[in-house]
Student: 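Submitted below is the structure of interest, expressed as structure tokens.
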Amino acid sequence: MIRHTLAAAALLASVPLAAQSTTQDEIEVRYDRALAAGYKALFLCSAIANAERNGATRTPESVEAWELTGIQAPLNSIIDDLPYRIHRDGSGELHSVSVEWTDDALPRMAVHNSRRGCSQLPIGGAPLPIVTKRPALQRDRAALLAPGTTLSASFAKAFGSTYGEGTRTTAVLAMRDGQVLGEVYATDFGPAVPQRTWSVAKSIAATLVGAAVQRGQADVANRAGLGLGLNDRRTGITIDHLLRMASGRYSDTPGNRTNPLYYGGSTVAETALHWPLVHEPGQVFRYANNDTLAAIKAIEEALEEHPPAQFFAQLDMRDTVAETDWRGDYILSSQVWSTARDLAKLGQLYLDDGVLPSGERVLPEGWAKYVSSPSGPQPDGAFGYGAGFWLLNKSEGVPSDTFAAMGNRGQFIVIVSSLNTVIVRRGEDAAGHRFDIAGFTRDVLESLGE
């Protein structure tokens with residue numbers, strides 16, 4: 001069977017390009033439409049379903065105005081015109097979202113699982129069975145905290161263009177000594193409305209690795225299970241290499257966009273694990289989604305026994321959902337939905353060196369130092385890198401022990417260890433525009449008297 005398959009592939013490869021029925025340009029146009037439809041289906045599903053899970057509300061119009069504008073080309077020029085349908089079960093819970101993209105294929109589908117958020121089906125995939133409903137969370141909400149006078153001025157600037165043209169802030173929050181000093185939200189958002197964390201999820205991934213280490217289920221010095229064995233140097237890649245973006249593996253684009261996984265419906269196993277080696281592990285920094293995905297895959301048995309939702313509950317991050325591919329593998333390079341308050345709780349855990357208010361240790365002693373130490377190869381640019389976290393160790397006016405989780409479209413958790421302060425900024429910044437998080441951090445700290 002394998003021999004026949006190889007023979008067929010060889011025959012196809014021998015067909016002259018001129019004899020093929022579809023040009024490369026036509027293939028790219030079709031693929032872009034499929035990706036745009038997948039992007040739309042997933043974001044409508046996740047934004048609406050995860051808000052409703054928290055007892056909040058997002059409308060399709062709100063999602064279109066925020067999450068579905070300012071996205072990367074060429075999807076931005078396609079996505080508006082793609083018709084969609086939101087499907088609900090008999091009790092009214094969102095089941096799935098379908099988006100049409102061509103006349104000769106099934107719509108793109110994102111399906112909601114009440115335990116793991118929304119997952120995107122492969123291109124051409126049919127709907128999955130409805131998962132048993134879990135009721136929306138019902139609990140008292142603390143009142144929105146207005147910031148003090150000096151902090152208000154810094155927060156107000158975050159909602160304008162002071163920190164960058166084309167930026168759109170949705171939430172800011174400052175916390176010191178475990179107490180929220182103030183928070184402000186844009187229209188359509190609030191304490192119970194989650195947003196996609198994008199690459200802040202990488203820092204969450206590093207935290208989950210730390211929790212597995214604390215339980216004795218992982219060791220960052222261990223090999224990550226990559227490669228095929230004999231004479232394959234990838235077998236020497238450790239979890240530490242992956243957390244430090246130093247695996248040495250090839251990635252197809254700067255930042256390793258992972259479009260087939262994020263918007264195309266492929267799986268983590270298909271997308272992230274099999275890239276070839278181009279550098280010796282531990283020698284070169286190359287920011288790559290695939291490294292984080294491989295690190296999480298390396299501890300999958302620990303996550304099966306202690307899923308992310310269980311860890312979030314320990315931290316009282318009950319408005320946070322880690323989503324998966326359609327096979328059930330966590331996409332912890334990007335696909336986590338969380339609120340500003342929950343992200344601040346994650347930051348506080350690092351200020352407390354992995355110890356909960358109850359006194360229970362959930363991260364190893366010194367884990368905060370581990371993730372914020374630039375002991376691996378370093379990136380060029382304004383920020384250093386630790387293990388799953390960026391370092392603001394070269395930013396004027398910002399304490400050198402400051403480290404941060406950072407994500408696409410302006411997601412930030414800034415952890416200022418020496419001042420016991422956490423600053424959270426959420427956004428839906430337009431593609432190509434960056435929020436000046438170092439400047440914002442400096443101004444917030446100055447407003448707090450530091």
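Count residues from 1 along the sequence.
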Student: Verify side chain to side chain contact (heavy atoms under 4.5 Å, CB included) between V398 and R442, making sure each step is shown before the conclusion.
Tutor: CA-CA 6 Å; V398 178; R442 180 174 58 249; 4.3 Å; yes
Student: Kindly assign one of parallel, tilted or perpendicular to the pair F403 and Y350, based on the angle between their ring planes and the thresholds 30° and 60°.
Tutor: perpendicular
Student: Judged by atom type as modelled, is there a donor-acceptor pair below 3.5 Å linking the side chain of N393 to the main-chain atoms of S400?
Tutor: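 No, because the side chain of N393 does not come within donor-acceptor range (under 3.5 Å) of the backbone of S400.
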Student: Hey, are the side chains of Q217 and H306 touching, using non-hydrogen atoms and a 4.5 Å cut-off?
Tutor: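 SC-SC contact between Q217 and H306 confirmed.
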Student: Is there a side-chain contact between Q335 and T324 in this structure, where contact means two heavy atoms from C-beta onward sitting under 4.5 Å apart?
Tutor: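 No; the side chains remain at least 4.5 Å from each other.
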Student: May I ask you to decide if R234's main-chain N or O and D232's side chain share a donor-acceptor pair within less than 3.5 Å?
Tutor: yes
Student: With side chain to side chain contact (heavy atoms under 4.5 Å, CB included) as the criterion, how do R53 and W337 come out once you've worked through the C-alpha distance, each side chain's angles and the decisive distance to 0.1 Å?
Tutor: CA-CA 11 Å; R53 172 187 178 275; W337 286 72; over 6 Å; no
Student: May I have the step-by-step check of side-chain hydrogen bond (donor to acceptor under 3.5 Å, both in side chains) for T320 and S338, ending in yes or no?
Tutor: CA-CA 4 Å; T320 299; S338 187; 2.7 Å; yes
Student: Any Lys/Arg nitrogen of D443 or K157 sitting under 4.0 Å from an Asp/Glu carboxylate oxygen of the other?
Tutor: yes
Student: When you compare the side chains of S334 and R196, does any donor N or O come within less than 3.5 Å of an acceptor on the partner?
Tutor: yes
Student: Is there a side-chain contact between D329 and E270, using heavy atoms and a 4.5 Å cut-off?
Tutor: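 Counting from C-beta outward, D329 and E270 never come under 4.5 Å.
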Student: Any side-chain heavy atom of L42 sitting closer than 4.5 Å to one from Y262?
Tutor: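 L42 vs Y262: side chains apart.
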Student: Any donor and acceptor pair, going by atom type alone, linking the side chain of E64 with main-chain N or O of T69 inside 3.5 Å?
Tutor: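 No, the answer is negative, given that no donor and acceptor are paired below the 3.5 Å cut-off.
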Student: I want to check something: taking the side chain as every heavy atom from C-beta on, are L448 and L151 in contact at a cut-off of under 4.5 Å?
Tutor: yes
Student: Does the distance from a Lys or Arg side-chain N to an Asp or Glu carboxylate O, for D325 and R327, drop under 4.0 Å?
Tutor: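 No, D325 and R327 are not salt-bridged.
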Student: Is the shortest side-chain heavy-atom distance between V336 and Y330 below 4.5 Å?
Tutor: no
Student: Taking the six-membered ring of F435, is NZ or CZ of R425 closer than 6.0 Å to its centre and within 45° of its axis?
Tutor: yes
Student: Please answer whether the main-chain N or O of R409 pairs with a side-chain N or O of R168 as donor and acceptor at a distance below 3.5 Å.
Tutor: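 Between the backbone of R409 and the side chain of R168 there is no qualifying donor-acceptor contact (under 3.5 Å).
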Student: Using 0.5 Å steps for rounding, measure from the CD1 atom of I237 to the CG atom of L277.
Tutor: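 The CD1 atom of I237 sits 5.5 Å away from the CG atom of L277.
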Student: Examine the side chains of D240 and Y370 and answer whether a donor and an acceptor come within less than 3.5 Å of each other.
Tutor: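 On atom types as modelled, these side chains qualify, holding a pair under 3.5 Å.
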Student: Strictly by modelled atom types, are E93 and S114 linked by a side-chain donor-acceptor pair under 3.5 Å?
Tutor: no
Student: When you measure from the side chain of H112 to the backbone of L94, do you find a donor-acceptor pair of N or O atoms at a distance under 3.5 Å?
Tutor: yes
Student: Within a 6.0 Å radius of atom CD on Q314, are there more than 12 heavy atoms belonging to other residues, nucleotides or ligands?
Tutor: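 Yes, because the 6.0 Å sphere around CD of Q314 holds more than 12 heavy atoms from other groups.
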Student: If you count the non-hydrogen atoms of other residues, nucleotides and ligands that lie under 6.0 Å from CD in E360, is the total more than 12?
Tutor: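 Atom CD in E360 is crowded, with more than 12 foreign heavy atoms closer than 6.0 Å.
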Student: If the test is side chain to side chain contact (heavy atoms under 4.5 Å, CB included), which one of L121, L44, V111 qualifies with S96?
Tutor: V111
Student: Is the number of heavy atoms from other residues, nucleotides or ligands under 6.0 Å of E61 CD greater than 12?
Tutor: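 Yes, because the 6.0 Å sphere around CD of E61 holds more than 12 heavy atoms from other groups.
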Student: Is S199 reaching over with its side chain to a backbone N or O of N408, donor-acceptor style, under 3.5 angstrom?
Tutor: no
Student: Supply the atom-to-atom distance I423 CD1 to I413 CD1, rounded to the nearest 0.5 angstrom.
Tutor: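 Reported to 0.5 Å precision, the distance equals 12.0 Å.
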Student: Between the main-chain N or O of A272 and the side-chain N or O of R249, is there a donor-acceptor pair closer than 3.5 Å?
Tutor: yes
Student: Has K394 got more than 12 heavy atoms of other residues, nucleotides or ligands less than 6.0 Å from its NZ?
Tutor: yes
Student: Between D291 and R244, is the closest basic N to carboxylate O distance under 4.0 Å?
Tutor: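 Here R244 does not pair with D291 in a salt bridge, since their nearest N and O are not under 4.0 Å apart.
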Student: Does the ring centre of F412 sit less than 6.0 Å away from the ring centre of W390?
Tutor: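 Not under 6.0 Å, so no.
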Student: When you compare the side chains of S266 and T271, does any donor N or O come within less than 3.5 Å of an acceptor on the partner?
Tutor: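 T271 and S266 do have a side-chain donor-acceptor pair below 3.5 Å.
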Student: Looking at CG of N50 and OG1 of T339, how far apart are the two atoms once the value is rounded to the nearest 0.5 Å?
Tutor: 11.0 Å
